[in-house]
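Naming convention: chains lettered A, B, ... in sequence-line order (proteins, then strands); numbering from 1 in each chain. Bear in mind that the values here come from a model prediction, so they are computed numbers and not experimental data.
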There are 2 protein chains.
Amino acid sequence: MSPQPNKRPGRTIRSVQIAFNIIDLLQEEAGIGVTRIADELGHSKSTVHSHLRTLEERRIIVREGDGYRLGLRFLDVASHVRDQIGNFDIVQKEVDSLADETGEIVQFGVEEYGMVSYLHKAQGDHAVETLSRVGTQQPMYSTSLGKTILAYLPAERIEEIAAEMEYEPKTANTITSPEELFEELETIREQGYGIDDEENINGLRCVSAPVKNDETILGAISITGPSSRFTEDRLHGELADYVRSAANVIELNTKFS
Amino acid sequence: MSPQPNKRPGRTIRSVQIAFNIIDLLQEEAGIGVTRIADELGHSKSTVHSHLRTLEERRIIVREGDGYRLGLRFLDVASHVRDQIGNFDIVQKEVDSLADETGEIVQFGVEEYGMVSYLHKAQGDHAVETLSRVGTQQPMYSTSLGKTILAYLPAERIEEIAAEMEYEPKTANTITSPEELFEELETIREQGYGIDDEENINGLRCVSAPVKNDETILGAISITGPSSRFTEDRLHGELADYVRSAANVIELNTKFS
DNA sequence: TATATCTGTTCCCGCTTGGGGAACGCCCCG
DNA sequence: CGGGGCGTTCCCCAAGCGGGAACAGATATA
């Protein structure tokens with residue numbers, strides 16, 4: 001089921017795997033019970049039962065009606081996780097105010113496991129609706145956030161991530177080869193911001209600026225909007241300035257060892 | 001370490017417990033390594049090591065510098081969890097707009113495991129800063145959200161929760177006995193909204209209105225502010241009206257079986 | 001440079017424990 | 001009343017997990 005060439009094999013604990021398989025399943029589909037879970041995962045009911053007991057005692061899951069769902073403890077964990085990543089308050093404030101000013105969608109993302117994770121998102125008044133939401137993971141080659149972050153990672157890490165990528169063409173403009181990607185990254189480093197010209201979703205363009213602490217990249221901030229409003233000129237002019245100054249504010253307010 | 005009279009003992013799985021002990025620990029303190037964790041939990045390094053491997057493979061945790069932290073996957077899980085609880089979009093929209101209108105703190109909470117969990121929070125322009133944030137769990141007897149939700153739960157569940165509570169006086173006004181509590185709940189049911197008169201934090205008052213679907217309570221919405229601005233009259237008048245109409249909007253927009 | 005002492009990692013052994021089969025109790029439906 | 005769905009319980013047996021100890025780097029100390 002998983003013969004992927006992962007780097008660190010080592011010993012892995014089966015019961016824990018099972019527990020997280022259950023959690024994953026409940027994340028996808030809430031409200032299912034012992035039998036259903038057992039079938040789905042290919043385990044005996046008794047096995048699943050003990051696991052559910054354990055998770056319930058831990059308040060990881062909750063029994064609701066005749067089925068289980070994930071518990072609200074995850075909300076608490078999530079807010080701790082965000083706090084552990086840099087200074088989240090500043091980021092939040094800056095993203096919100098940029099969304100207010102521009103009226104568009106503003107997002108902040110960081111890299112993890114070779115993907116971009118959205119830490120915060122704010123929608124301005126006339127923002128288009130997008131599917132992405134906080135917590136989502138997106139590939140790095142097809143988003144301006146991803147490409148911008150990637151551009152400022154250490155060279156070896158770039159190689160590593162680029163090698164593991166599967167370049168799947170999301171639109172006609174999606175980057176589909178390492179060569180294209182490296183060239184793009186070079187451009188980003190030169191101009192100091194990154195563009196997504198309908199490379200991830202048709203009709204949508206974005207600009208992103210990197211947020212750095214000294215020489216290490218923390219993440220990136222982006223504005224997203226419809227191509228109709230986001231002309232070439234605005235993208236490279238006004239909008240690029242917006243994200244760069246917002247990134248700057250975050251950088252200045254972010255002090256930690 | 002845990003001889004609490006929990007209802008459903010059953011069989012519980014040790015490795016899973018250990019795994020979640022590690023996660024709990026990392027939630028409290030990020031950036032620690034194998035040795036430290038092993039010491040803290042009283043396990044051997046090799047044991048902890050295999051667990052960390054498992055969690056890392058699962059992308060539950062991330063190795064960062066010389067230590068581990070919880071992964072961003074939790075953000076994704078959290079957003080799924082919120083979606084599974086009623087219709088979160090409506091709630092969010094309503095809470096945000098109420099915070100805008102009033103300029104104060106507005107929160108939405110639901111009951112789980114006899115406590116209130118905050119699902120969403122919005123701060124108006126001149127809102128006081130409070131410590132509570134999304135995901136936090138608070139006791140039900142000392143918050144207006146908690147008391148309001150409690151008031152509309154099925155009688156048997158009220159008994160159950162009230163019995164397990166430990167009434168710890170947070171301020172001079174905190175409810176400290178079941179009798180007081182039951183009386184308060186009666187009042188809430190009569191007037192259709194609940195008040196917190198500096199019962200949880202000195203200087204802060206709140207009003208909450210229940211959000212119901214048919215006859216089952218989904219949660220409650222509240223406004224919080226300093227006693228100086230939140231006079232008796234405003235609390236029971238204007239502010240109570242605000243939360244009740246917001247609750248109403250949510251109820252009307254929430255349709256599911 | 002050598003020595004000491006932290007890390008994290010690996011190996012292997014033996015006992016615990018957790019996974020599974022099967023039986024049971026319950027509820028709902030025919 | 002009987003059948004089939006659910007969750008729960010019991011018990012057994014091996015395999016999987018926890019732990020001790022040895023190993024390997026990295027950093028510091030002299």
Phosphate OP1/OP2 of [N] contacted by [X] side-chain N/O (<4.0 Å):
| X | N | answer |
| --- | --- | --- |
| Arg36(B) | dC6(C) | no |
| His43(B) | dC17(D) | no |
| Ser15(A) | dC17(D) | yes |
| Thr35(B) | dG8(C) | yes |
| Thr47(A) | dG18(C) | no |
| Arg14(B) | dG19(C) | no |

Original post:
Between Tyr141(A) and Tyr167(A), does the ring centre distance come in under 6.0 Å?
Top reply: yes
Please report the distance, rounded to the nearest Å, between [atom1] in [X] and [atom2] in [N].
| X | N | atom1 | atom2 | result |
| --- | --- | --- | --- | --- |
| Gln17(A) | dG19(C) | CD | P | 12 Å |
| Asp39(A) | dG20(C) | CG | C1' | 14 Å |
| Leu41(B) | dC17(D) | CG | C1' | 16 Å |
| His49(A) | dG21(C) | NE2 | C1' | 15 Å |
| Arg53(B) | dC11(C) | CZ | C1' | 13 Å |
| Asp66(A) | dT8(D) | CG | P | 11 Å |
| Ile37(B) | dG18(D) | CD1 | P | 14 Å |
| Tyr68(B) | dT7(C) | OH | P | 14 Å |

Original post:
Does Ser46(B) make a side-chain donor-acceptor contact with the base of dG20(D), cut-off 3.5 Å?
Top reply: yes
Subject >> Base of dG19(C) paired with side chain of Arg11(B) (donor-acceptor, under 3.5 Å) >> reply: yes
Original post:
Taking the side chain of Arg63(B) as its heavy atoms from C-beta onward, which of dT8(D), dG21(C), dT9(C) lies nearest to it?
Top reply: dT9(C)
Original post:
If you pin Ser50(B) and Lys45(B) to their nearest nucleotides in DNA chain D, which one's is more 5'?
Top reply: Ser50(B)
**OP:** State whether Phe20(A) and Arg58(B) meet the cation-pi test: NZ (Lys) or CZ (Arg) under 6.0 Å from the six-membered ring centroid, and within 45° of the perpendicular axis.
**Re:** no
**OP:** List the steps and the verdict of side-chain contact (heavy atoms from CB on, under 4.5 Å) for Val211(B) and Ile149(B).
**Re:** CA-CA 8 Å; Val211(B) 176; Ile149(B) 295 171; over 6 Å; no
Original post:
Quick one: which of Asp24(A), Leu25(A), Leu26(A) gives a side chain to side chain contact (heavy atoms under 4.5 Å, CB included) with Ile22(A)?
Top reply: Leu26(A)
**OP:** Give, for atom CD of Glu29(B) and atom CZ of Arg36(B), the distance between the pair rounded to the nearest 0.5 Å.
**Re:** 4.0 Å
